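Structure, as structure tokens:
Note that the coordinates shown come from a computational prediction; the quantities given were computed from them, not determined experimentally. Throughout, a chain's letter reflects where its sequence line sits, starting with A, and its residues are numbered from 1.
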There are 2 protein chains.
Amino acid sequence: MARLKDIARAAGVSIATVSNVVNGTKTATPAVQRRVLSAIERLGYLPDLHARTLRTGASRSLGLVIPDLTNPYFPALVQAIETTARELGFVLIVMDAGNDGERETEALTLLASYRVAGVVWVPVEHERSLDWPYPIVTVDRMVPGCDTVVADHVQGGTLIGRHALALGHRRIGLLSGPRALPSAADRRSAFLATVAGHAEIAWEIPVPFSSDLPRAALQRLADPDCSLVVCANDAVAVGVLRAARDAGLRVPDDLSVIGFDDVPWADFVEPGLTTVRQPLAALGRNAVTTLHARIADPERPLHRETLPVTLVERRSAAPVAPYPRGDRP
Amino acid sequence: MARLKDIARAAGVSIATVSNVVNGTKTATPAVQRRVLSAIERLGYLPDLHARTLRTGASRSLGLVIPDLTNPYFPALVQAIETTARELGFVLIVMDAGNDGERETEALTLLASYRVAGVVWVPVEHERSLDWPYPIVTVDRMVPGCDTVVADHVQGGTLIGRHALALGHRRIGLLSGPRALPSAADRRSAFLATVAGHAEIAWEIPVPFSSDLPRAALQRLADPDCSLVVCANDAVAVGVLRAARDAGLRVPDDLSVIGFDDVPWADFVEPGLTTVRQPLAALGRNAVTTLHARIADPERPLHRETLPVTLVERRSAAPVAPYPRGDRP
DNA sequence: AACGACAGGTTAAACGTTTAACCGTCCTGG
DNA sequence: CCAGGACGGTTAAACGTTTAACCTGTCGTT
């Protein structure tokens, strides 16, 4: 592993000169340039980024802290983040918090020790003290004092509401997500607001983000008493698909189902899930570009960006049946 | 951001002493110890890992290069790798090659510049020149001169073969994966070897790892002329599920299907996929522990480890029907 | 012809650590 | 009572860079 020193010696020139041609900081005589470059080629020089960072104080690495890589929501996000980070000349240090607040703060401090230039943070739960020595941009969660990029969850809720109405559903069941989660709460209330006055909420049951539905939900689903159930999540929607099958209901003929997230396999289940897609790639890309901007100018005004979501219609939600269930001719 | 210097001044002691109590390198008087620790607490000292690495030459970071994070196979693997890396006191720099050999070598050289202590590598395709300045452990792919951790694909093929036989299938269709991929080739030949003499291969069509089956496969599936089709992949298996539905065949009554990988949603499709599960977590964990061992002792003998896989039986593969299709009473 | 500007190069300091070498002091054992 | 550790601490060098300051010659202008 050749160092600046070795190149300098091989090219018969000083260390500083080599550094200058490497970085293009100062111009050099063509002859010298040639000698240096050839020496670099010959000896295989790669700059030591640690030394560089130490000297300049400007680290070329970013941190990423996420709750749980295993969540189908994340891989596409992480991929976008890593790709654009690298395009911008940064390297990405990834840390999985394992859905644990304590491990999350450990991760954040370790990143501080690593002198990252900034971090992209998807907080596991509630905000914690925020005096970190680097700029932070949060994704999908607002944290006071941080730049933020979020999907437009209220638009998502609205879209679902409109679609439900357009399909003619008038009695709707609701499997809503954790009330404490702002994004879930946003789409719930937006949905409620758009259907208010046009449709009736037959029932609402709060559920965790999982395909294993709680007993209460299962019982409801055995005789749903509504034509559509809108779910907190695609995972939950899959649970509903199963429960419906077990109860002998046909989706979407007897019961329509709408999810949220558009996980990669939303098109693989039977029937394909109607759901709303978050712009994961754009979310990731914009997160790191705003982080980059903040690094360049720490004084710039707070930047909060919300990206539009899209309804993707598949087969799990259909127009309401012309005849009530059981009375079919 | 307090440095050693600041702590030293605040505690009225030399830099070296602070360094020593931080690292426990040398013992200090209780009084001094207390003063240093309290200063650290007060000023919030965090060691600069770049400086540390520069001085000691021992980097505390590992690299990870993977073909495509978006592949459902990877998240669990990456999570395990990151977790155990951190347990061992390392930080993980993740790079997605985007299934592109060129970006892959870029990633590898960037990691060299970063002076990582070692790299976990899942090669995108074929091996390339291997004179990297750090130790490498490959996952799921053998590369000459590298430590390796792989899943036992021949066992996987054997397991599938035995299961097929046990279910009584005697005519089998094969949707085999890319022949160039050693793992796919391994399980194919192992499967073939175990069923040889007991069952007949009705047909074999090579397909890419995707749910969008090529026309040839679709045609075959319209009238499969066999009781079981074994697929290169869970993705492929899902494609078969669809094609079967479109052709009016019922799985598993009319046709059994077996996949490979046990992707997270293998249990969500209808019917749940019978498939074989790779020990992703163990693969990841062992990859970094062997990397760790190699870092500690560069001279240790090459380590190649193959981990057992398990057959997971769900509903997509059933005992062969007692009556040939169409002749059911 | 004198001068300044400039281009091309070097020297040395600095970034924040670790660590070898060194230096008192105090204790212990012969 | 003295030699010699052990102990607790300091000084300074080194890791591989970047960069300010400096030096030296060349060239274009007056």
Can you give one letter per nucleotide of nucleotides 16-23 of chain C, going 5' to 3': B for a protein heavy atom under 4.0 Å from the base, S for sugar-phosphate only, - for none?
BBBB-B--

Step-by-step side chain to side chain contact (heavy atoms under 4.5 Å, CB included) determination, B/Leu108 to B/Glu104:
CA-CA 6 Å; B/Leu108 258 4; B/Glu104 186 176 56; 4.3 Å; yes

Heavy-atom donor-acceptor pair, A/Thr56 side chain to A/Arg52 backbone, under 3.5 Å:
yes

Residues pairing under salt bridge (Lys or Arg N to Asp or Glu O under 4.0 Å) where one sits in residues 21-40 of chain A, two or more places apart or in two chains, turn out to be none

If we count only N and O atoms by modelled type, under 3.5 Å, do the side chains of B/Tyr114 and A/Ser61 hold a donor and an acceptor together?
yes

Contact class for B/Thr29 (heavy atom, under 4.0 Å): base, sugar-phosphate, or nothing?
sugar-phosphate

Would the number of heavy atoms belonging to other residues, nucleotides or ligands and lying under 6.0 Å from CZ of B/Arg60 be above 12?
yes

Give A/Thr53 one of three labels, base, sugar-phosphate or nothing, depending on what nucleic acid heavy atoms sit under 4.0 Å from its own.
nothing

